[in-house]
Amino acid sequence: QVQLVESGGGLAQAGGSLRLSCAASGRIFTTYAMGWFRRAPGKEREFVASITRSGDNTHYAESVKGRFTIARGNASNTMYLQMSSLKPEDTAVYYCAATNLLPVGYTARRYPYWGQGTQVTVSS
């Protein structure tokens, strides 16, 4: 199985930017489609973005479309989430996830492997 470790969270002001990273180890990275999810206080975990094994196709939640960009570096076994124009409602714990299930889907249950999460806090 694959192990995932997120980094890059922290505090940002509204309108600012942060970049999250997810380092993968274990099984072959290109075996997995990858995704980012987040859980805000008092809310359910929600889908943020996903990227296919090759990196050719991406998908975003409507709430982040145009502001967040997901990418992966298969040579470095790392996935990224560039977050720009941040809003206070983006405050959440962000989780990196991996799946080798098909079809991939955009719900948490389609992703068997998870990182521990990284906190992102956006102040107004």
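Quick caveat, the model's predicted, so the values are computed rather than measured. Side chains included, hydrogens not; waters and symmetry mates left out as well; all remaining heavy atoms used.
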How far apart are the closest heavy atoms of [X] and [Y], and which atoms are they?
X: Tyr111; Y: Ser50; result: OH-CB, 3.5 Å
X: Val64; Y: Val48; result: CG2-O, 3.6 Å
X: Ser63; Y: Arg67; result: O-NH2, 2.9 Å
X: Ala14; Y: Ser124; result: CB-CA, 4.3 Å
X: Trp36; Y: Ile70; result: CD1-CD1, 3.6 Å
X: Leu4; Y: Ala98; result: CD1-N, 3.8 Å

Donor-acceptor pair, distance only, cut-off 3.5 Å: does the side chain of [X] make one with the backbone of [Y]?
X: Glu6; Y: Leu20; value: no
X: Thr99; Y: Arg110; value: yes
X: Thr78; Y: Ser76; value: yes
X: Thr118; Y: Ser7; value: no

To the closest 0.5 Å, what do you measure between [atom1] ([X]) and [atom2] ([Y])?
X: Ile51; Y: Asn74; atom1: CD1; atom2: CG; value: 8.0 Å
X: Asn100; Y: Thr31; atom1: CG; atom2: OG1; value: 7.5 Å
X: Gln3; Y: Tyr113; atom1: CD; atom2: OH; value: 9.5 Å

task = Answer yes if Met34 and Leu102 sit in the same cluster of Ile, Leu, Val, Met, Phe, Trp and Tyr residues linked by side chain heavy atoms under 4.5 Å apart, and no otherwise.
result =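 Per the 4.5 Å side-chain linkage, Met34 and Leu102 are not co-clustered.
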query = Any chain of hydrophobic side-chain contacts (each under 4.5 Å) joining Val93 to Trp114?
reply =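 Result: yes, single cluster for both.
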Side chains of [X] and [Y] in contact at under 4.5 Å (non-hydrogen atoms):
X: Thr30; Y: Ser54; result: no
X: Ser17; Y: Met83; result: no
X: Leu86; Y: Leu18; result: yes
X: Met79; Y: Cys96; result: yes
X: Val5; Y: Gln116; result: yes

message = Working note: Tyr95 + Phe37, criterion ring-ring contact (aromatic ring centres under 6.0 Å, His included); need CA distance, chi angles, decisive distance, verdict.
response = CA-CA 5 Å; Tyr95 297 91; Phe37 290 76; 8.7 Å; no
task = Would you kindly check if the NZ (Lys) or CZ (Arg) of Arg72 is within the cone defined by 45 degrees around the ring axis of Tyr80 and under 6.0 Å from the six-membered ring centre?
result =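 So Arg72 doesn't make the cation-pi contact.
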inquiry  = Is the ring pair Tyr94/Phe68 parallel, tilted or perpendicular, if the boundaries are 30 and 60 degrees?
reply    =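 Tilted, since the angle between the ring planes falls between 30° and 60°.
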query = Taking the inter-plane angle between the rings of His59 and Tyr106 on a 0 to 90° scale, is it parallel (under 30°), tilted (30 to 60°) or perpendicular (over 60°)?
reply =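 Rings of His59 and Tyr106: parallel, under 30°.
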request  = Determine whether more than 12 heavy atoms belonging to other residues, nucleotides or ligands lie under 6.0 Å from atom CD of Gln13.
outcome  =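 No, because the 6.0 Å sphere around CD of Gln13 holds 12 heavy atoms or fewer from other groups.
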ask   = Counting only heavy atoms not in Leu11, do more than 12 sit closer than 6.0 Å to its CG atom?
value =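 More than 12 within 6.0 Å, yes.
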request  = If a pair satisfies salt bridge (Lys or Arg N to Asp or Glu O under 4.0 Å) and one of its residues is in residues 42-58, list it, with sequence neighbours excluded.
outcome  =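 Qualifying pairs, neighbours excluded: Arg38-Glu46.
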task = Output all residues satisfying ring pair (Phe, Tyr, Trp, His ring centres under 6.0 Å) with Tyr60, sequence neighbours left out; order by chain, then residue number.
result =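 Once residues adjacent in sequence are excluded, Tyr60 has no partner under the ring pair (Phe, Tyr, Trp, His ring centres under 6.0 Å) criterion.
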